[in-house]
**Q** 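One structure coming up, written as structure tokens, with questions to follow.
In this text, all values refer to a predicted model and were calculated from it rather than measured experimentally. Chain letters run A, B, ... following the sequence lines, proteins first, then strands; residues in each count from 1.
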There are 2 protein chains.
Amino acid sequence: MRPKNLIKEDAIRSIALQIISEEGLENLSMQKLAKAANISPRTIYIKYENKEDLLIKLFIEEVLGGYEKAILENFDPKMDFREGMKRLWLNTFHYLKNHKPSFSLLQHGKSSPLLNKAYQEKNIRQGEFFAPIPIFLKTNIEAGLIPDLPLDVYKALLFSPVNDLVAEYFDHADRPIQIITEEMILTCCETVIKGITTLK
Amino acid sequence: MRPKNLIKEDAIRSIALQIISEEGLENLSMQKLAKAANISPRTIYIKYENKEDLLIKLFIEEVLGGYEKAILENFDPKMDFREGMKRLWLNTFHYLKNHKPSFSLLQHGKSSPLLNKAYQEKNIRQGEFFAPIPIFLKTNIEAGLIPDLPLDVYKALLFSPVNDLVAEYFDHADRPIQIITEEMILTCCETVIKGITTLK
DNA sequence: ATCATAAGTAAACAAACGTTTACTTACTTT
DNA sequence: AAAGTAAGTAAACGTTTGTTTACTTATGAT
């Protein structure tokens, strides 16, 4: 039988992400995607059941998968707290600023009920998603190096400021001088570390 | 002449926000909105030029306007740093957790290119938007009470963790026991304050 | 009471939507 | 080399989209 053309599958994914990033989730249509990828609409339906299936698989497999892998690169739960934090922040910053379409769909995941629901179900089904980070925190809490705050508070402190700075980076990415630098990420990270390790 | 029915105008706004919150921006249509508000589609076009105009005015005037007002309530740039920070965090938490549709559109504003662009233009045109906060920070920097970090770093530290915790609050709002409490917000706020005031 | 006029309605417009039907192509297996 | 089959196409399906046209309603001013 005729084999799948993997180049076309890649094109569907990358062009879908590109359209979402440039025009928003509300402006992605199957026909627009097919035309931009130079294929027939029917071809998308070989791989994906429907539009919702495409969006969820793009979000969960393509984007969240790559994001998790990039964040955890060279990270080990047994690292020193300061070094571990810096590694996570720099991994996040470098990955996201070089993958604008992925960052864009991640942001959509926080507002679209469809994607948000899919994210929550993934979190419930796969307990190992981003698991090294809770282990890292627990180890440091048990060693008495950081206070015993709720996991949600740690998640808010670890992930949201660097995410916010990346959003700011893209908002001004066309400027002649870089507004958000690696130095600023490290300053912000250092501030959070100080806050956590100084508390109580 | 026949006067406008202000109740209908209110219904358009609140029902639009409700649909966006429950089904997402990508599932709001003018006809669905008209049907849900029990009016003719044409009535929406008396107040708004088109769909984009409706979304932008909803976002900028209705949502951002109310958000800014709520955050700055009982806040004064001359407040003590710790007290000012707590005021801002608690205002944000209480307002957002009681205004889910507004929170939802605020989140959409971070992913939708249309709304994001509108937000940036508002920020440029109206230099006074959220102005008390930069003044608050500048005053404390000049008094030597907090370090001289870039405004973007302060914005990331002040706004994003509490926003993230509100998102978590809504994700688990149907649970029997409250997951995100005011106590957690204050703990998180205290951590950030410690980080900022301890640094250097 | 009537008039002028903007508010508001019901129905319709072309265009675009997600998806499917009917068909052809290209490659593996025999 | 022929057969079998999934990949892939072009065109179309019925809906729904954003918006408008043609009309009616309700109210302040005369």
Side-chain angles (χ1 to χ4, degrees), chain A residues 1-62 105 108 111-115 117-118, chain B residues 1-60 62 105 108 112-115 117-118:
Chain A
M1 75 174 161
R2 182 175 173 180
K4 283 191 188 183
N5 185 336
L6 296 176
I7 292 168
K8 280 180 184 168
E9 287 196 5
D10 267 1
I12 291 170
R13 283 194 292 268
S14 66
I15 290 173
L17 284 177
Q18 192 185 319
I19 292 173
I20 292 167
S21 172
E22 289 171 4
E23 305 178 39
L25 194 54
E26 70 272 28
N27 289 309
L28 174 74
S29 81
M30 300 301 260
Q31 306 197 110
K32 188 190 275 185
L33 170 57
K35 189 165 270 183
N38 251 309
I39 54 166
S40 160
R42 182 72 183 77
T43 305
I44 305 172
Y45 289 85
I46 294 170
K47 186 91 203 282
Y48 304 99
E49 257 187 58
N50 49 40
K51 193 183 178 185
E52 287 203 356
D53 186 44
L54 165 66
L55 290 175
I56 289 173
K57 283 189 174 142
L58 259 185
F59 179 57
I60 299 289
E61 292 168 19
E62 188 82 356
L105 189 54
H108 275 95
S111 52
S112 153
L114 172 73
L115 298 182
K117 193 178 152 232
Chain B
M1 75 177 162
R2 184 174 170 182
K4 283 190 188 183
N5 186 336
L6 296 177
I7 292 167
K8 280 180 185 168
E9 287 197 5
D10 267 0
I12 291 171
R13 284 193 292 268
S14 67
I15 291 173
L17 283 176
Q18 192 185 319
I19 293 173
I20 292 168
S21 173
E22 288 171 4
E23 305 177 40
L25 193 53
E26 69 273 27
N27 289 310
L28 174 75
S29 80
M30 300 300 261
Q31 306 198 109
K32 187 189 278 185
L33 171 56
K35 190 166 269 181
N38 252 310
I39 54 167
S40 160
R42 181 72 183 77
T43 304
I44 305 171
Y45 288 86
I46 294 169
K47 186 88 203 283
Y48 305 98
E49 256 187 60
N50 49 40
K51 194 184 178 185
E52 286 203 358
D53 186 46
L54 165 66
L55 290 175
I56 289 174
K57 281 187 176 143
L58 259 185
F59 179 56
I60 298 288
E62 188 83 356
L105 189 53
H108 275 97
S112 153
L114 173 73
L115 298 182
K117 193 179 150 230

**Q** With sequence neighbours left out, what residues match A/Asn5 under side-chain hydrogen bond (donor to acceptor under 3.5 Å, both in side chains)?
**A** none

**Q** The criterion is side-chain hydrogen bond (donor to acceptor under 3.5 Å, both in side chains); which residues satisfy it with B/Glu62, sequence neighbours excluded?
**A**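 If we apply the side-chain hydrogen bond (donor to acceptor under 3.5 Å, both in side chains) test to B/Glu62, skipping adjacent residues, the hits are B/Arg13.
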
**Q** Can you tell me how far P of C/dT19 sits from OH of A/Tyr45, to the nearest Å?
**A**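 That distance rounds to 4 Å.
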
**Q** Work out which heavy atom in B/Leu33 is nearest to a heavy atom in B/Ile12; give both atom names and the distance.
**A** CD1-O, 3.6 Å

**Q** Check DNA chain C against residues 20-30 of chain B and give the residues with a non-hydrogen atom under 4.0 Å, in numerical order.
**A** none

**Q** List the atom of B/Glu22, the atom of A/Pro113, and the distance in Å for their closest heavy-atom pair.
**A** O-CG, 3.7 Å

**Q** Run the side-chain hydrogen bond (donor to acceptor under 3.5 Å, both in side chains) test against A/Asp53 and tell me which residues pass, sequence neighbours left out.
**A** A/Lys57

**Q** How many whole angstroms separate atom CD1 of B/Ile7 from atom P of C/dA7?
**A** 16 Å

**Q** Verify the neighbour count for atom NZ of A/Lys47: are there more than 12 heavy atoms of other residues, nucleotides or ligands below 6.0 Å?
**A** yes

**Q** Who passes side-chain hydrogen bond (donor to acceptor under 3.5 Å, both in side chains) against A/Lys35, sequence neighbours left out?
**A**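 A/Lys35 satisfies side-chain hydrogen bond (donor to acceptor under 3.5 Å, both in side chains) with no other residue.
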
**Q** Return the value, rounded to whole Å, for the distance between atom OH of B/Tyr48 and atom C1' of D/dG18.
**A** 17 Å

**Q** Shortest non-hydrogen contact from A/Ala16 to A/Leu58?
**A** CB-CD1, 3.6 Å

**Q** If a protein heavy atom is under 4.0 Å from the base, mark B; if only from the sugar-phosphate, S; if neither, -; do that for nucleotides 4-11 of chain D going 5' to 3'.
**A** BBBBBBB-

